[in-house]
Protein chains: 2
Amino acid sequence: MPFRYQLWMELRHLKYFIAVAETLNFRRAAERLNVAQPALSRQIKDLESSISVKLLDRDTSGTRLTEAGGVLLEEARDIMERIDMAREMARDAQAGRRGHLQIAGLGSMSLSLLSDTLSRFRLAYPKVDVSLHDIGYRDLMSELRAGSVHLGFSFDPNLRETREFKSVQVVKSRARIAMSVQHPLAKQDLVSLKDFDDDHIFCIGKAGMYDLHRRVTQSILSERNIYHKPLKFVANLELMMTMLAGNYGVSLVFPRFFGDISQVVIKPILEDGDDLEIFLSAVWRRNLQSTLVNNFVEILKDVDLG
Amino acid sequence: MPFRYQLWMELRHLKYFIAVAETLNFRRAAERLNVAQPALSRQIKDLESSISVKLLDRDTSGTRLTEAGGVLLEEARDIMERIDMAREMARDAQAGRRGHLQIAGLGSMSLSLLSDTLSRFRLAYPKVDVSLHDIGYRDLMSELRAGSVHLGFSFDPNLRETREFKSVQVVKSRARIAMSVQHPLAKQDLVSLKDFDDDHIFCIGKAGMYDLHRRVTQSILSERNIYHKPLKFVANLELMMTMLAGNYGVSLVFPRFFGDISQVVIKPILEDGDDLEIFLSAVWRRNLQSTLVNNFVEILKDVDLG
DNA sequence: CTAGCTTACGGGCCGCGTAATCATC
DNA sequence: GATGATTACGCGGCCCGTAAGCTAG
């Protein structure tokens with residue numbers, strides 16, 4: 001397949017043309033350009049013939065722009081500005097001051113934590129476009145590999161320091177139980193996981209994107225052989241909080257990844273165990289040499305999310 | 001004074017870079033460009049060093065865009081499009097299909113006649129920007145000379161065929177008297193200028209822009225030694241028509257330059273004389289080689305304004 | 001050994017500068 | 001003659017192509 005763009009001129013032609021069009025005098029334009037006048041004449045002539053358009057009227061009374069010349073002058077100036085801008089943009093991009101940063105996390109659970117980091121990053125690098133994506137943790141690896149996501153947030157230990165990925169631990173949280181203030185146990189300071197066999201236990205999401213919550217909840221309960229009713233699912237965090245506030249059930253939550261909701265109290269758990277700790281990590285491809293990601297991670301480390 | 005735009009690259013560099021960035025393979029890109037691979041390598045290297053930005057990561061696993069490269073790729077594509085567009089626009093301009101056409105006339109008196117011509121011109125040359133200006137006939141000559149107005153409309157015989165200007169007669173009209181339907185003479189088919197010594201005679205404008213009407217009216221009346229009350233002035237055509245409709249006076253008008261107004265009748269004049277004929281001409285600078293103007297005049301001639 | 005990019009080197013095109021030519025005032 | 005633009009012409013840079021070099025699988 002041949003190439004799309006034909007080269008019918010070079011930037012030199014535009015530069016020379018602008019100079020002549022602005023001075024309307026070949027000799028002075030040549031001086032400004034530090035070239036000899038004949039060279040300038042020749043280039044203008046070449047430009048005109050390459051587009052088959054008369055750009056300048058040269059007669060005894062002087063040199064004047066034709067209408068086509070006037071039109072091209074505006075365009076040419078604009079193009080030269082674009083050229084300069086392109087260089088600046090590339091430099092910005094190299095310095096991590098410009099670009100597109102695609103960040104993905106496990107739904108609002110992790111992304112809602114980032115508001116501080118995001119605002120500080122925006123302050124430091126205002127020209128960087130940041131996009132947030134809610135994707136499932138299963139997709140995260142492949143998206144990171146493909147490069148369509150540059151930085152991910154994950155609770156998955158498999159997606160931490162490996163030969164392929166780098167990561168930094170962002171925050172950890174210990175599982176607690178969230179329930180309505182009207183729940184019988186809401187007055188206790190400490191509750192046991194065994195106390196909720198009569199309650200519905202809510203999880204966010206049903207399959208795919210949000211099913212991390214279900215997996216963690218199920219694993220914690222079955223690890224301890226705790227009887228419980230079948231898990232109930234709600235689509236998102238807000239819905240779950242509404243259900244909890246209405247005392248329709250309880251939920252195993254990781255307080256730092258949630259906001260404070262009135263009508264809902266969060267109680268520590270009597271039981272012990274490492275699996276009650278959950279770690280949120282930022283993950284990115286090790287061989288992705290991205291100043292954007294590096295800058296973002298620097299700020300991320302600097303921000304106290306705890 | 002040195003020149004504004006520095007040349008740190010040529011379009012060739014952009015073209016080559018786009019090809020490499022799209023194929024991510026120097027050899028295939030070189031094929032598409034019909035150059036040898038080393039030449040391509042060298043140009044990309046030159047481009048990178050000229051802006052001090054790494055655009056492509058070349059390692060054993062292949063060639064990939066850096067972030068800066070991605071940014072530049074978008075810009076480069078855009079610039080190449082602009083280049084092609086610039087040529088098309090210049091060609092359009094040369095063919096009179098694009099540009100700015102500045103038209104001036106003597107207020108709404110003449111410009112309101114042009115709606116047919118304007119709409120046909122717009123149909124034929126949609127990319128041409130037409131601006132209408134209301135300027136006095138005194139300014140018209142200087143504006144035409146300066147080139148800030150390309151085509152003018154004038155009743156002034158001095159602004160017709162001269163060594164400096166070309167013109168074409170657009171329409172002529174014979175003076176009549178406009179008066180209210182309630183005017184005592186409104187029932188007559190023919191009236192004499194001498195019948196109105198008791199009526200106020202209205203003219204549009206007081207000084208400057210619109211005073212052509214006053215000059216013509218005054219000249220016609222004094223030429224015939226007709227007694228009349230001092231002329232009364234109104235700012236514009238609409239106001240005058242309102243005054244006439246209210247039977248506050250009469251006016252010497254040139255029907256083709258006015259619209260039909262209810263409550264106002266227009267009567268032929270008994271008197272004879274060449275000075276009762278007024279000609280509207282389109283005028284432009286003779287040595288202005290403007291396809292836009294030529295095209296416009298062609299359509300103007302073609303449209304029946306009578 | 002192959003694939004893929006870079007370095008080395010010689011040739012040719014072209015853009016430049018000097019000088020001459022043309023045109024108008 | 002002065003100003004200003006266009007040919008004429010030889011030089012030099014640079015872009016290119018061929019060939020060799022380098023690295024990784």
Side-chain angles (χ1 to χ4, degrees), chain A residues 2-3 5-66 69 163-164 286-287 289, chain B residues 2-3 5-66 68-69 73 163 287 289:
Chain A
F3 193 62
Y5 301 110
Q6 296 285 72
L7 270 204
W8 46 275
M9 61 160 231
E10 280 296 347
L11 286 182
R12 183 186 55 255
H13 294 111
L14 279 192
K15 176 181 171 181
Y16 287 8
F17 171 66
I18 292 172
V20 174
E22 285 181 347
T23 61
L24 293 179
N25 179 307
F26 277 72
R27 187 182 51 78
R28 269 177 292 160
E31 278 174 19
R32 283 181 63 187
L33 293 166
N34 294 315
V35 295
Q37 193 209 42
L40 185 54
S41 281
R42 169 128 197 122
Q43 293 300 316
I44 298 295
K45 188 189 166 92
D46 287 350
L47 176 59
E48 286 181 324
S49 75
S50 78
I51 60 179
S52 314
V53 170
K54 188 96 174 294
L55 297 171
L56 294 154
D57 274 329
R58 295 89 117 177
D59 58 18
T60 165
S61 71
T63 301
R64 284 194 317 208
L65 277 177
T66 62
R163 194 170 306 141
E164 192 175 7
R286 183 175 290 278
N287 63 358
Q289 303 289 355
Chain B
F3 193 62
Y5 301 109
Q6 296 287 76
L7 272 203
W8 46 274
M9 61 160 226
E10 281 295 349
L11 286 182
R12 181 186 56 257
H13 295 110
L14 280 192
K15 176 180 170 180
Y16 286 8
F17 171 65
I18 292 173
V20 175
E22 286 181 346
T23 61
L24 293 178
N25 179 308
F26 277 71
R27 188 181 51 78
R28 268 177 293 160
E31 280 174 17
R32 283 181 63 187
L33 293 166
N34 293 315
V35 294
Q37 194 210 41
L40 185 53
S41 282
R42 170 125 197 123
Q43 293 300 316
I44 298 295
K45 187 190 169 92
D46 287 350
L47 177 60
E48 286 181 326
S49 74
S50 78
I51 59 179
S52 314
V53 170
K54 188 97 174 294
L55 297 171
L56 294 154
D57 275 328
R58 296 87 120 179
D59 59 16
T60 165
S61 72
T63 301
R64 283 194 316 206
L65 278 176
T66 63
L73 176 58
R163 196 170 305 139
N287 63 0
Q289 303 289 357

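Lettering follows sequence order; numbering is per chain, from 1. Basis for what follows: all heavy atoms, side chains included, without hydrogens, waters or symmetry-related copies.
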Salt bridge (charged side-chain N to carboxylate O under 4.0 Å, His left out) partners for A/Glu164, two or more places apart: A/Arg145
Phosphate OP1/OP2 of C/dT6 contacted by B/Ser41 side-chain N/O (<4.0 Å): yes
For B/Ser41, side chain to side chain contact (heavy atoms under 4.5 Å, CB included) partners two or more places apart: B/Phe26
Non-neighbouring partners of A/Arg64 that pass salt bridge (charged side-chain N to carboxylate O under 4.0 Å, His left out), sequence neighbours left out: none
Which residues share a side-chain hydrogen bond (donor to acceptor under 3.5 Å, both in side chains) with A/Asn25, sequence neighbours left out: none
Outermost DNA chain D nucleotides near chain A [under 4.0 Å, heavy atoms]: D/dG4 to D/dT7
Close side-chain approach of B/Trp8 and A/Leu11, heavy atoms under 4.5 Å: no
Distance test, side-chain N/O of B/Arg27 to OP1/OP2 of C/dA3, below 4.0 Å: no
Protein-to-nucleotide contact annotation, 5' to 3' order, nucleotides 9-25 of chain C [B base; S sugar-phosphate only; - none; under 4.0 Å, heavy atom]: ------SSSBB----SS
Set of salt bridge (charged side-chain N to carboxylate O under 4.0 Å, His left out) partners for A/Arg286, sequence neighbours left out: A/Glu161
Below 4.0 Å: OP1/OP2 of C/dT7 and any side-chain N or O of B/Lys45: yes
The helix from C/dC1-D/dG25 to C/dC25-D/dG1: angle between end helix axes, five pairs per end, rounded to 10 degrees: 10°
With a 3.5 Å cut-off and sequence neighbours excluded, list the donor-acceptor pairs that the side chains of residues 42-49 of chain B form with protein atoms.
{"from": "B/Gln43", "atom 1": "OE1", "to": "B/Arg12", "atom 2": "NE", "distance (Å)": "3.3"}
{"from": "B/Gln43", "atom 1": "OE1", "to": "B/His13", "atom 2": "NE2", "distance (Å)": "2.9"}
{"from": "B/Glu48", "atom 1": "OE1", "to": "B/Arg58", "atom 2": "NH1", "distance (Å)": "3.0"}
{"from": "B/Glu48", "atom 1": "OE1", "to": "B/Arg58", "atom 2": "NH2", "distance (Å)": "3.4"}
{"from": "B/Glu48", "atom 1": "OE2", "to": "B/Leu55", "atom 2": "N", "distance (Å)": "2.8"}
{"from": "B/Glu48", "atom 1": "OE2", "to": "B/Leu56", "atom 2": "N", "distance (Å)": "3.2"}
{"from": "B/Glu48", "atom 1": "OE2", "to": "B/Arg58", "atom 2": "NH1", "distance (Å)": "2.9"}
{"from": "B/Ser49", "atom 1": "OG", "to": "B/Asp46", "atom 2": "O", "distance (Å)": "3.1"}

Sugar-phosphate only, base, or nothing, as touched by B/Asn25 at under 4.0 Å among non-hydrogen atoms: sugar-phosphate
Partners passing side-chain hydrogen bond (donor to acceptor under 3.5 Å, both in side chains) against B/Asp59 (at least two apart in sequence or in another chain): B/Ser61
Pairing residues for A/Arg28 by the side-chain hydrogen bond (donor to acceptor under 3.5 Å, both in side chains) criterion, not counting sequence neighbours: none
Those residues that, when tested against B/Tyr5, pass ring pair (Phe, Tyr, Trp, His ring centres under 6.0 Å) (two or more places apart): B/Phe3
